[in-house]
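Only heavy atoms go into these numbers, but all of them, side chains included; no hydrogens, no water, no symmetry mates. Remember, it's a predicted structure, so these values are computed and weren't measured experimentally.
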Amino acid sequence: NAGVTQTPKFQVLKTGQSMTLQCAQDMNHEYMSWYRQDPGMGLRLIHYSVGAGITDQGEVPNGYNVSRSTTEDFPLRLLSAAPSQTSVYFCASSYSPGDEQYFGPGTRLTVT
Amino acid sequence: DQQVKQNSPSLSVQEGRISILNCDYTNSMFDYFLWYKKYPAEGPTFLISISSIKDKNEDGRFTVFLNKSAKHLSLHIVPSQPGDSAVYFCAASASETSYDKVIFGPGTSLSVIP
């Protein structure tokens with residue numbers, strides 16, 4: 001049981017490049033979410049999903065896209081990277097929004 | 001505007017003493033609250049939760065108190081240990097409505113001094 005896995009662990013992008021952060025969970029959780037962590041800002045919700053085929057915006061969705069074609073996977077796409085997207089990104093999953101969330105180890109992204 | 005606030009960015013406590021971490025929220029729809037602990041270079045891990053139908057929940061050294069009228073909750077750690085040194089996040093959700101987001105506060109960095 002791997003829990004929540006995220007790849008890559010580290011990534012450096014140039015401004016304007018695109019990439020996909022991968023997230024997968026093997027706990028059959030319906031609820032999955034993406035957060036970014038910035039100093040003094042805590043964990044801010046980017047996008048979330050309450051089940052396969054259903055996604056919605058969080059607090060800071062601009063510049064990011066998500067899709068949820070399976071229960072297990074919830075990739076986060078950066079369309080055109082900007083220095084303001086330099087952050088640590090965490091994926092999380094749970095049975096429902098109010099339940100304990102299980103977090104992945106994070107992806108540290110730097111945009112130059 | 002932050003819906004979940006943790007107004008103390010950092011806190012230092014002597015080993016063996018009580019640590020009290022505070023959290024305030026503004027959205028009256030929130031009815032379920034969770035605390036997470038985060039070590040550097042790791043993902044957050046769940047610590048303890050409380051539903052709005054309770055005013056206290058206890059798990060070993062950790063107790064969470066909820067004051068609904070004041071929209072305030074606090075996490076008490078007794079006795080504090082050096083291994084408790086971490087960032088603590090308060091989170092809130094609204095389980096009984098269509099508002100299905102989970103909102104986190106900015107975190108409080110706790111240092112327990114041996």
Linked, directly or transitively: Phe62(B) and Phe65(B) (ILVMFWY side chains, under 4.5 Å): no
Chain B contact via Leu43(A) - which portion, at a heavy-atom distance below 4.5 Å: both
Gap separating the OG1 atom of Thr45(B) from the CD atom of Glu100(A), nearest 0.5 angstrom: 9.0 Å
Under 4.5 Å from a heavy atom of chain B, the part of Asp56(A) involved: neither
Verify same cluster id: Leu45(A), Tyr64(A) (apolar side-chain graph, 4.5 Å): no
Derivation of the side-chain contact (heavy atoms from CB on, under 4.5 Å) call for Gln37(A) and Phe89(B): CA-CA 11 Å; Gln37(A) 185 191 12; Phe89(B) 292 101; 3.6 Å; yes
Residue Glu59(A) versus chain B: region with a heavy atom under 4.5 Å: side chain
Straight-line distance of Phe104(B) CZ to Ser33(A) OG, nearest 0.5 Å: 7.5 Å
Trp35(B)-Phe33(B) co-clustered via ILVMFWY side chain contacts under 4.5 Å: yes
Lys38(B) NZ to Phe103(A) CZ distance, which is reported to the nearest 0.5 Å: 10.0 Å
Full working for side-chain contact (heavy atoms from CB on, under 4.5 Å) between Val102(B) and Tyr31(A): CA-CA 10 Å; Val102(B) 180; Tyr31(A) 186 81; 3.8 Å; yes
Nearest-0.5 Å distance, CZ of residue Arg44(A) to CD of residue Gln2(B): 9.5 Å
Val4(B) with Leu75(B), same ILVMFWY side-chain cluster at under 4.5 Å: yes
Heavy-atom proximity to chain B below 4.5 Å, by part of Tyr102(A): neither
Single-linkage hydrophobic cluster Leu109(A)~Leu76(A), side-chain heavy atoms < 4.5 angstrom: yes
Minimal non-hydrogen separation, Gly43(B) against Phe90(A), with atom names: CA-CE2, 3.5 Å
Residue Arg77(A) excluded, over 12 heavy atoms near CZ under 6.0 Å: yes
Under 4.5 Å from a heavy atom of chain A, the part of Pro9(B) involved: neither
Main-chain N/O of Gln101(A) paired with Tyr36(B) side-chain donor or acceptor, under 3.5 Å: yes
